[in-house]
Amino acid sequence: MRPKEFLHYTYIFPLLAVGYYFFGLMGSGVLYDILAGVLLIGSVLSAVHHAEVVAHKVGEPFGTIILALCITIIEVALIISLMVAGGDQAITLARDTVFAAVMLILNGILGICILVGGVKYHEQFFARTSATTYLVSIVSILVLTLVLPNFTSSVNGPFYNEAQLIFISIACLVIYGIFLMVQTVRHRSYFIVPDEHPEEHYIPSLTKTLISFGFLVVCLVIVVLMAKGLSDTIEGMVQSLGAPKSLVGVIIAAVVLLPEGVAAIRAARANQIQSSLNLALGSALASIGLTIPAVSVVCIMYDIPLVLGLDKKDIILLSLSVFIVMLSLSRGKTNVLYGTVLLVNLAAYIFTVIVP
């Protein structure tokens, strides 16, 4: 790579954000927090760029898997650090974060992608087999982790006992592991749309790919760290508006998911709805399929109670979201109505968080 290429904003913003964070300038005042927000957004856009470079090199579906796994690993690290620091006060943190992420992905990211693609192209086409494969895995893990705990009788309340927690964690890992094998080996063709003009695509060099992968990791880490650092400011803003504290978790989850969301929307605008589905549904599956086992291990080690079961309102909203996504993706093509309905579901979720 030429030295001039490092003057691009995708390299400058992450480095400035890292320096800004570790020099302790966040939280020094309103202007400092606004500047932190600008650097955070710049880092998000940089993450999208570097993820696309890596994706061009490794091809689909590996590119979308890399981005989903990177963000999930950072999300898991953030949840675990907050739970260990918070103790018993953080027993619902994993459930609330995972639920917010799933709702934002299924209704928000997927809804915007379908709506944007429908407005620009009227209809977009994808492999129904890929959507079915994603949804079979997602629905099973969602029910096992967020619904079933309310109906077991070994422990009172929305909890699993230790043996149940171990079993559910293994079940999640088995489902996700087999899904990855299906996606990358046995049925890789389900997740790939044949490229009509392969000669038009630029394939980056190995050196540039490795540099971009390194910057991708840096971007994702600094996005989560800055989101965590801004959480007190966001919480104060939410409280000043008279909204419940649970809205803070939704805002933080939205910031963490920005890189995936922007990448998925850009793919939809480029008439690559299959890539959008791979990003959105793959992120939802990785988010819940890997987060719950990791958090379960920490809770067992530190003897922290872990609330997993959702309340009745959230179960209804989750069921509605999954049902609408299944109907929307059942025909192998999209239109603006599907995207609009999903975004209305997202609005209903956020509204009921603010007005329970």
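Not measured: the values here are computed from a predicted model.
Taking every heavy atom of both residues into account, L310 and N150 meet most closely at O-ND2, 2.7 Å. Across all non-hydrogen atoms, the minimal contact from V53 to P204 is O-CG, 3.5 Å. Contact between T334 and I114 at its shortest, heavy atoms only, is CB-CG2, 3.7 Å. Of all heavy-atom pairs spanning Y160 and L144, the tightest one is OH-O, 2.5 Å. The minimum heavy-atom distance linking C113 with I265 is given by the pair SG-N, 3.6 Å. Considering every non-hydrogen atom in both K333 and F126, the closest pair reads N-CE2, 3.5 Å.
To the nearest 0.5 Å, atoms CG (L146) and CD1 (I141) are separated by 10.5 Å. Rounded to the nearest 0.5 angstrom, I138 CD1 and I105 CD1 are separated by 8.5 Å. How far CZ of F159 is from SG of C299: 10.5 Å, rounded to the nearest 0.5 Å. Atom CD1 of I288 and atom OG1 of T145 lie 3.5 Å apart (nearest 0.5 Å). Between the CG atom in L318 and the CG atom in L142 there is a gap of 5.0 Å [rounded to 0.5 Å]. Rounding to the nearest 0.5 Å places OG of S43 at 12.0 Å from CD1 of I12.
Taking 4.5 Å as the limit, some side-chain heavy atom of L308 sits within range of a side-chain heavy atom of L165. Side-chain contact between V217 and F213: present, with at least one pair of heavy atoms (C-beta onward) separated by less than 4.5 Å. By the 4.5 Å heavy-atom criterion applied to side chains, I273 and F125 are not counted as neighbours. Considering only heavy atoms from C-beta on, I300 comes within 4.5 Å of I166 through its side chain. Looking at heavy atoms from C-beta onward, F215 lies out of side-chain contact with T10 at the 4.5 angstrom threshold. Two residues are said to be in side-chain contact when any heavy atoms from C-beta on lie closer than 4.5 Å; L342 and L106 fail this criterion. Side-chain contact between L337 and V341 is present, with heavy atoms from C-beta onward closer than 4.5 Å. No side-chain heavy atom of V297 sits under 4.5 Å from any side-chain heavy atom of S169.
A donor-acceptor pair is defined here as one N or O able to donate and one able to accept, closer than 3.5 Å; no such pair exists between the side chain of S130 and the backbone of F191. At distances below 3.5 Å, at least one donor-acceptor pair connects side-chain atoms of S330 with backbone N or O atoms of L327. With hydrogens and angles disregarded, no donor-acceptor distance shorter than 3.5 Å links the side chain of S140 to the backbone of V136. Between the side chain of S276 and the main chain of A268, a donor-acceptor pair closer than 3.5 Å is present. Within the 3.5 Å criterion, the main-chain N or O of P149 finds a donor-acceptor partner in the side chain of T152.
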Checklist line | CA sep, side-chain torsions, deciding dist, call: L329, L281, side chain to side chain contact (heavy atoms under 4.5 Å, CB included) | finding: CA-CA 11 Å; L329 303 182; L281 297 180; 3.9 Å; yes

Practice prompt. Determine, stepwise, if the pair S296 / I292 fulfils side chain to side chain contact (heavy atoms under 4.5 Å, CB included).
Written response: CA-CA 6 Å; S296 298; I292 297 302; 3.9 Å; yes

Original post:
Could you go step by step and tell me if Q274 and N278 meet the side chain to side chain contact (heavy atoms under 4.5 Å, CB included) rule?
Top reply: CA-CA 6 Å; Q274 184 67 61; N278 291 346; 3.2 Å; yes

Show every donor-acceptor pair shorter than 3.5 Å between a side-chain atom in residues 171-186 and any protein atom, with sequence neighbours excluded, or say none if there are none.
from: Q183; atom 1: NE2; to: Y134; atom 2: OH; distance (Å): 2.9
from: T184; atom 1: OG1; to: L180; atom 2: O; distance (Å): 2.6

List the atom pairs, donor and acceptor, that lie under 3.5 Å between side-chain atoms in residues 252-263 and the rest of the protein, sequence neighbours left out.
from: E260; atom 1: OE2; to: S283; atom 2: OG; distance (Å): 2.2

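Sorted by first and then second residue, the side-chain hydrogen bond (donor to acceptor under 3.5 Å, both in side chains) pairs involving residues 110-128 (not counting sequence neighbours) are Q124-N271. Identified under the side-chain hydrogen bond (donor to acceptor under 3.5 Å, both in side chains) test for residues 315-324, with sequence neighbours left out: N107-S321. Applying the side-chain hydrogen bond (donor to acceptor under 3.5 Å, both in side chains) definition to pairs two or more places apart or across chains, none involves residues 341-356.
When the shell of 6.0 Å around OH of Y9 is examined, it contains more than 12 heavy atoms from other residues, nucleotides or ligands. The neighbour count for N156 CG, taken as heavy atoms of other residues, nucleotides or ligands under 6.0 Å away, does not exceed 12.
Taking the six-membered ring for Trp and thresholds of 30 and 60 degrees, Y11 and H8 have ring planes more than 60 degrees apart, a perpendicular arrangement.
V155 is connected to Y302 through a chain of hydrophobic side-chain contacts under 4.5 Å among Ile, Leu, Val, Met, Phe, Trp and Tyr, so both are in one cluster. In this structure, I34 is not a member of the same hydrophobic cluster as Y21, with clusters built from ILVMFWY side-chain heavy atoms closer than 4.5 Å.
The side chain to side chain contact (heavy atoms under 4.5 Å, CB included) check on S153 picks up nothing, with sequence neighbours excluded.
The side-chain contact (heavy atoms from CB on, under 4.5 Å) with Y20 is formed by just one residue from the set L39, V38, L40; it is L39.
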